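Data first, discussion second: the structure below is written as structure tokens.
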Amino acid sequence: MPGNSKSSEQERRSATGASSAGARGEAEDIAIIGGGIIGICAATLLCEAGRSVTVFDRTGICEETSSGNAAAFAFSDVLPLAHKGMIRQLPKWLADPLGPLTIPPAYLPKLLPWLIRFWRAGAARHHEASLAAQAGMMKLAEAEWMALLDRSGTRPMLRKDGSLEFYESEAEFRASLPGWAERERFGIGFRHVEGEEMAALQPGLSPRFVKGTFVPGWKTVADPKLLGKSIWAYAEKLGARFEHARVARIEADAKGASIVLADGSRRTAKTLLITAGAWSHLLARDLGDSIPLETERGYNTTLPVSAFDVKRQLIFSGHGFVITPLETGLRVGGAVELGGIERPPNFARSKAMLEKAKRFLPGLDPSGGREWMGFRPSLPDSLPVIGASRAPNVYYAFGHGHLGLTQSAATGRLIRDLVLGQTPPLDLAPFRPQRF
């Protein structure tokens, strides 16, 4: 896997010597705030186009949310969350504090405006436009990722085992059919399975599941953190630089942008891109943009590889979590906790998913796991913000929810085209920062 063994050394070298332009007071060509998968894909494509790029991040490259996701390239996941029946499920889910969705009661008043927007986004009149925007984004995402994997030499990290989604009753299965019909409209292949065929796709499954849906085109990666660091190693070879720094605020005018760091120092840039995930809307406020971003706090436990022989990503949609076989372990995770970025983690949620996984896969060894919590930056209509801010020479690329890894290469392509003044391959109107 290219770049993995050297990534930490490359980051140390970048942190000490990469931002010499900023240290001398010279303006960076392009500055990116946020070293997650969105930021580094944008950096990579801009460097491929010959631009000079410096990435600023408080922890490192792909060290936060991009490090612990479910490792899926979910290109067939074209249904926005607001159209997946979540509103209908809310009362049942919220009744279970360890269920697929929870909202800490003390956080509900702050969350209520976002929930109202989410409810409105699910209205029938928005359905077709939202579905078309998401499907177009996914088609571009798959094309851009496959090309980037080849250019960066990371194609061996791609897995094409498909996914298997399960249903515990005929009623649950029938309720899923409209969503599969929507996917079929966009050419997404799948087949419904049961009995011996389902058992062959995943041996050792509990008999509680009566049917499943197999998506052969579903893809995962060997490990999302390792993939991100390998893409960054490729970007570094093209001249990308990294500065380890916490950003306090930003300013912008017609001459460019100014980044004020937590230590009081400044960096200036001709062009600025904000890809800071769940913290992005706080920086956008500095420029007068009010963007209703909320945080889906996701939990997982990564078990040793030997915990169970999982053949492909397993999706338990009725329970809101997945199990993914990685090169580095078996990841059991998902669920949604709408609780902002300040509250401490509630690892009872990861433990609850692990308990269910033991019931769903009898024989699973739950010992030796590593718990994790990350922030998914989410907007009410399930579409990211991609486009220009109100300030000149500043662009936004954030709010991808649980699809950040999936859509990152496409986002990098769209941002590259905007920065270079080229025509993007998608209509960006559904993703405009000013749409709210």
Side-chain angles (χ1 to χ4, degrees), residues 69-72 74 76-77 84-86 88-89 92-102 159 161-177 179-180 190-216 218-220 298-337 347-372 402:
N69 61 64
S76 63
D77 196 3
K84 285 186 174 182
M86 283 189 67
R88 186 177 64 251
Q89 299 270 27
K92 180 182 75 172
W93 285 351
L94 290 177
D96 180 0
L98 297 178
L101 171 65
T102 189
R159 296 181 170 187
D161 302 317
S163 67
L164 189 55
E165 185 166 348
F166 299 107
Y167 316 101
E168 295 178 86
S169 67
E170 286 291 334
E172 186 182 6
F173 170 68
R174 288 194 298 272
S176 76
L177 294 179
W180 291 112
F190 60 89
R191 70 175 185 269
H192 303 306
V193 296
E194 57 185 311
E196 292 182 0
E197 185 178 10
M198 188 167 72
L201 287 167
Q202 181 51 63
L205 185 69
S206 166
R208 68 190 296 155
F209 298 104
V210 299
K211 285 190 177 178
T213 301
F214 177 54
V215 181
W218 188 275
K219 300 174 179 65
T220 58
Y299 293 84
N300 67 47
T301 303
T302 303
L303 301 171
V305 174
S306 59
F308 198 90
D309 185 16
V310 174
K311 300 297 185 183
R312 50 188 46 82
Q313 187 169 80
L314 308 180
I315 302 173
F316 303 94
S317 54
H319 298 269
F321 76 95
V322 304
I323 300 178
T324 311
L326 305 178
E327 176 186 283
T328 51
L330 188 66
R331 184 157 290 167
V332 180
V336 173
E337 180 185 47
F347 286 116
R349 295 185 59 72
S350 54
K351 290 178 174 63
M353 286 184 283
L354 191 56
E355 284 298 315
K356 288 183 177 181
K358 286 165 55 180
R359 298 199 301 270
F360 298 167
L361 296 175
L364 174 73
D365 180 357
S367 63
R370 183 181 70 255
E371 293 179 325
W372 178 90
H402 62 289

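Keep in mind it's a predicted model, so treat the numbers as computed, not measured. Heads up: numbering here begins at 1 and tracks the sequence.
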For G368 against P304, the heavy-atom pair lying closest together: O-CD, 3.6 Å

Run L303 and L364 through side chain to side chain contact (heavy atoms under 4.5 Å, CB included) and show every step you take. CA-CA 10 Å; L303 301 171; L364 174 73; 4.0 Å; yes

In terms of ring plane angle, is the pair H319 and F321 parallel, tilted or perpendicular, where the classes change at 30° and 60°? perpendicular

Starting from the C-alpha separation in whole Å, work towards a yes-or-no answer on side chain to side chain contact (heavy atoms under 4.5 Å, CB included) for L361 and L314. CA-CA 11 Å; L361 296 175; L314 308 180; 4.2 Å; yes

Any side-chain heavy atom of V215 sitting closer than 4.5 Å to one from W180? yes

Measure across L330 and A307 and return the closest heavy-atom pair with its distance rounded to 0.1 Å. CD2-CB, 4.1 Å

Heavy-atom pair of closest approach, residues N69 and R331: O-NH1, 2.8 Å

Side-chain contact, heavy-atom cut-off 4.5 Å: P203 with K311? yes

How long is the span from the CZ atom in F360 to the CD atom in Q202, to the nearest 0.5 Å? 13.5 Å

Starting at CD1 of I315, measure out to OG1 of T324 and round the result to the nearest 0.5 Å. 8.5 Å

In plain terms, say whether K351 and E371 are close enough for a salt bridge, that is, a side-chain N and a carboxylate O under 4.0 Å apart. yes

Euclidean distance, E168 CD relative to F316 CZ, rounded to 0.5 Å: 9.0 Å

For the residue pair F209 and F166, what are the closest heavy atoms and their distance? CD2-CB, 3.5 Å

With side chain to side chain contact (heavy atoms under 4.5 Å, CB included) as the test, would you mind laying out the steps for D77 and H402 before giving the verdict? CA-CA 10 Å; D77 196 3; H402 62 289; 3.4 Å; yes

Just how far is it from atom CG of N300 to atom CZ of R349, taken to the nearest 0.5 Å? 12.5 Å

Say you draw a straight line from CZ of F173 to NZ of K211; how long is it, rounded to the nearest 0.5 Å? 4.5 Å

Measure the shortest side-chain to side-chain distance between L164 and V193 over non-hydrogen atoms and say whether it is less than 4.5 angstrom. yes

Does a donor on one side chain sit under 3.5 Å from an acceptor on the other, for T102 and E337? no

Rounding to 0.5 Å, atoms OG1 (T220) and CD (E327) come to a distance of 11.5 Å

Do F214 and E197 make a side-chain contact, defined as non-hydrogen atoms from C-beta onward lying under 4.5 Å apart? no

Partners passing side chain to side chain contact (heavy atoms under 4.5 Å, CB included) against D161 (at least two apart in sequence or in another chain): R159, R312

Shortest non-hydrogen pair, A70 vs Q313, comes out as O-NE2, 3.2 Å

Using a 3.5 Å distance criterion without hydrogens, assess whether the side chain of R174 forms a donor-acceptor pair with backbone atoms of S169. no

Please report the shortest heavy-atom distance between T302 and G329, naming the atom on each side. CG2-CA, 4.1 Å

